[in-house]
Amino acid sequence: MCGIVGYIGHRDAYPIIMKGLQRLEYRGYDSAGVALFDGEKINLTKTKGKVEDLRNKAETKMSLKGSLGIGHTRWATHGVPNDVNSHPHYSNSGNLVIIHNGIIENYESIKKELIKRGYHFDSDTDTEVLVNLIEEVQRTEHVKLGQAVQIALNQVVGAYAIAVFDIDKPDEIVVAKLGSPLAIGIGDKEFFIASDASPFIEFTNNAVYLEDEEMAIVRLGKEIKLRKIKDDAIAYPNILELQLNLEEIEKGGYDHFMLKEIYEQPRAIKDTYRGRLLADQGLITMAGIDQNLEKFLNANRIIIVACGTSWHAGLVAEYIFEDLARIPVEVEYASEFRYRNPIITDKDILIAISQSGETADTLAAIKLAKEKGAFVFGVCNVVGSSIARETDAGAYTHAGPEIGVASTKAFTTQITVLTLIALKLAKEKGIFSGSQYHEFLSELETIPTKVEIALRTNDMVREIAEIYKDSPNCLYLGRGYNFPVALEGALKLKEISYIHAEGYPAAEMKHGPIALIDEHMPVIIIATKKGHYEKVVSNIQEIKSRKGKIIAIVTEGDTQVRELADHVVEVPETMECLTPMLTTIPLQLLSYHIAVMRGCNVDQPRNLAKSVTVE
Ligand code: AGP
């Protein structure tokens with residue numbers, strides 16, 4: 001996710017844009033830029049770093065005059081964070097300047113065509129391609145900016161919220177939206193453009209939120225004109241009177257970033273497989289794998305190193321890779337791996353999983369593996385992070401910034417990437433027939449919708465949280481693919497509510513932990529239909545006979561567990577290997593609600609940091 005801000009009106013644009021960017025930094029903060037039209041030319045500054053770095057640079061480098069301007073704070077998806085990849089981007093002529101939040105999937109083919117037509121590119125971004133496509137349409141079709149944007153957007157595939165202006169037409173900004181948010185603040189003889197209302201709520205609470213495939217020409221002294229990008233039909237603006245305050249807006253109306261990020265998971269999973277999972281073509285394409293396929297197919301084993309929640313995602317991957325791709329996998333805590341003098345050869349592949357891309361132990365494990373000749377593949381959420389730069393290849397999760405210290409969307413998007421890799425390798429090894437493969441790909445495409453359905457258990461989970469919020473201890477149990485989910489559920493609860501919780505393989509109960517069961521012990525057990533269901537049912541009976549309180553996560557329509565458990569939370573049915581992305585949802589919600597009820601600081605729990613960059 002990135003943050004975009006624009007202004008056209010009677011005030012100085014610069015202070016409005018800069019304050020607006022600061023309010024949007026939660027959306028992305030690896031680089032930033034601002035472009036102002038001073039009546040004659042565009043003054044533009046952009047830089048790697050935060051908005052404050054941009055302010056320092058702009059205020060020493062350029063004129064800050066002008067009442068037309070756009071600004072951007074970046075969360076890199078294409079091209080590492082650096083000055084040249086930062087937005088805004090000029091077109092080749094220098095007449096157009098654009099900011100963009102989203103991903104243009106077919107930018108490479110468009111770029112090739114534009115290069116053939118004599119265009120050059122300074123950055124690695126999809127956005128610079130888009131602004132030059134718009135310019136090329138203007139040049140060849142002899143149309144104004146609005147029409148050129150519309151024609152160009154009908155040629156791109158992907159997601160966008162863009163704002164673009166032309167110095168030949170400095171009384172307007174053209175905006176368009178598909179998949180990424182874009183709001184227009186309507187003031188008195190002035191307009192504001194932003195990813196959400198936080199940059200303009202102090203100036204006006206009248207706003208229009210563009211719908212997908214809508215664009216608008218925002219022109220001074222005129223009413224906003226909306227139109228449909230695809231068929232040019234006029235759309236009528238639905239002007240809202242916002243009642244939100246600033247803090248609520250930054251959290252998207254949620255009480256905490258963690259809850260917002262739990263609810264972002266359908267979008268985050270979809271963004272993570274966007275452009276990679278082509279189910280209708282029966283394809284998975286991932287550059288980092290495609291370019292190193294032989295290494296993966298000929299590897300002796302895969303070693304996965306990570307910490308915390310990322311380590312749990314690695315455990316899920318172990319089940320997926322061994323079950324589906326028949327590749328030996330070892331999962332290691334990075335902090336242990338780096339010091340135990342492990343045996344590593346050049347026939348090993350090390351997969352490092354890290355949301356932040358800055359976890360010191362994981363980074364050290366990577367360096368150790370590289371010294372010993374292993375090929376290292378990274379799964380990170382932060383483009384250009386230390387781990388992303390240290391690995392030989394990788395695949396980003398496109399979860400967007402994860403602000404809450406407790407990892408949620410990182411977990412499900414990491415599993416998404418690892419599932420794509422395992423499925424691709426299984427297909428390349430000929431383990432699946434074409435139809436089986438297609439079945440997996442099609443089911444994976446249904447997961448965002450099934451996560452949406454799992455999120456509807458929120459009210460029920462909140463009621464359960466109310467009952468157990470004062471429990472001193474909790475046990476989480478799962479089998480097979482859902483054993484790591486039990487560990488993850490326990491970690492979520494302990495790290496934000498400070499209740500002691502432990503995750504165990506369900507069958508492990510009788511080897512000791514069952515001694516803990518009594519009427520005061522809530523046991524959260526994952527009992528989905530797929531994977532040893534009958535054995536989990538007998539585990540439930542063992543707990544019930546000792547008066548344990550049973551909260552069961554089951555497949556929708558389950559009747560057998562419903563007879564035994566004290567509480568039952570249903571998630572949609574899916575393939576066994578895909579259940580973790582669904583069963584984790586009620587566990588995230590349970591830990592969230594219990595922590596809130598206990599008055600804990602959900603987004604910044606005590607003693608914790610979002611990224612553990614020290615040993
Ligand atoms: C998970 O909720 C915690 N925030 C923590 O365990 C985290 O997963 C761990 O520190 C690893 O962080 P990384 O994914 O950024 O490497």
Side-chain angles (χ1 to χ4, degrees), residues 30 75 256-262 264-265 268 272 304-317 331-338 350-367 376-391 394-418 476 484-499 501 503 580 584-585 587-592 594-595 600-615:
D30 59 42
W75 180 265
H256 299 94
F257 279 112
M258 181 182 176
L259 189 60
K260 175 171 173 274
E261 289 151 11
I262 289 172
E264 280 180 341
Q265 289 178 106
T272 296
I304 296 177
V305 295
C307 302
T309 288
S310 299
W311 184 79
H312 295 149
L315 281 182
V316 174
V331 184
E332 300 262 1
Y333 279 117
S335 54
E336 287 298 307
F337 182 75
R338 65 182 289 198
L350 185 121
I351 296 181
I353 307 171
S354 176
Q355 187 286 128
S356 63
E358 301 299 341
T359 300
D361 285 323
T362 308
L363 191 55
I366 290 166
K367 289 176 178 171
V376 182
F377 187 90
V379 178
C380 292
N381 191 41
V382 180
V383 175
S385 57
S386 304
I387 287 175
R389 281 181 283 112
E390 188 63 34
T391 50
Y396 287 116
T397 51
H398 291 303
E402 189 176 69
I403 310 296
V405 164
S407 244
T408 49
K409 61 180 181 175
F411 180 63
T412 47
T413 53
Q414 287 164 350
I415 294 173
T416 303
V417 167
L418 294 158
Y476 285 72
V485 179
L487 296 177
E488 173 58 12
L491 174 62
K492 288 280 95 52
L493 185 69
K494 68 183 113 178
E495 70 173 323
I496 64 174
S497 74
Y498 318 142
I499 291 175
T584 197
I585 301 299
L587 305 190
Q588 293 171 344
L589 293 168
L590 181 66
S591 62
Y592 170 78
I594 288 177
C600 298
N601 183 339
V602 171
D603 284 332
Q604 290 158 350
R606 69 186 183 196
N607 311 338
L608 286 175
K610 183 58 189 168
S611 175
V612 182
T613 56
V614 294
E615 284 199 42

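One-based numbering, in listed order, for ligands and for the atoms of each. Just so it is clear, the values below take in all heavy atoms, side chains as well, and ignore hydrogens, waters and symmetry mates. Numbers for residues simply follow the sequence, beginning at 1.
- Scanning the protein heavy atoms around atom 16 (O) of ligand 1, the nearest turns out to be Thr359 OG1, 2.5 Å.
- At least one side-chain heavy atom of Leu589 sits under 4.5 Å from a side-chain heavy atom of Leu259.
- At a 4.0 Å heavy-atom cut-off, ligand 1 does not touch Glu358 at all.
- For the atom pair CG of Leu493 and CD of Gln588, the computed distance is 13.0 Å after rounding to the nearest 0.5 Å.
- Among all protein heavy atoms, the one lying closest to atom 14 (O) of ligand 1 is Ser310 OG, 2.5 Å.
- Side-chain atoms of Thr408 and Gln265 include no donor-acceptor pair closer than 3.5 Å.
- Summarising the contacts of atom 7 (C) of ligand 1 with Ile353, Thr309, Ile496, Asp361, the nearest heavy atom is found in Thr309.
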### Task
Could you walk me through whether Thr397 and Thr416 pass side chain to side chain contact (heavy atoms under 4.5 Å, CB included), step by step?
CA-CA 8 Å; Thr397 51; Thr416 303; over 6 Å; no
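- Ligand 1 has no nitrogen or oxygen under 3.5 angstrom from a nitrogen or oxygen of Gly357.
- Without hydrogens or angle criteria, Asn381 side chain to Ala399 main chain gives a donor-acceptor distance under 3.5 Å.
- Applying the salt bridge (Lys or Arg N to Asp or Glu O under 4.0 Å) rule to pairs touching residues 379-390 yields Lys370-Glu390, sequence neighbours excluded.
- In summary, of the residues considered (Gln355, Glu264, Glu402), a side-chain hydrogen bond (donor to acceptor under 3.5 Å, both in side chains) with Lys409 occurs for Glu264 alone.
- Close approach to Ala406 involves these atoms of ligand 1, each under 4.0 Å from a residue heavy atom: 2 (O).
- Shortest contact from atom 9 (C) of ligand 1 to any protein heavy atom: Cys307 O, 3.8 Å.
- Interface atoms of ligand 1 facing Ser354, defined by a heavy-atom separation under 4.0 Å, are 13 (P), 14 (O), 15 (O), 16 (O).
- The closest protein non-hydrogen atom to atom 2 (O) of ligand 1 is Glu495 OE2, 2.4 Å.
- Ligand 1 has Val405 within reach: a non-hydrogen atom of the residue lies less than 4.0 Å from it.
- Taking a cut-off of under 4.0 Å to the non-hydrogen atoms of Ser407, the atoms of ligand 1 that pass are 1 (C), 2 (O).
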### Message
Does Leu587 form a side chain to side chain contact (heavy atoms under 4.5 Å, CB included) with Val485? I'd like the steps, not just the answer.
### Response
CA-CA 9 Å; Leu587 305 190; Val485 179; 3.8 Å; yes
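- Summarising the local packing, CD of Glu332 is surrounded by more than 12 heavy atoms from other residues, nucleotides or ligands at distances under 6.0 Å.
- Protein heavy atom at the shortest distance from atom 10 (O) of ligand 1 is Val612 CG2, 4.0 Å.
- Protein heavy atom nearest atom 6 (O) of ligand 1, with residue, atom name and distance: Gly308 CA, 3.2 Å.
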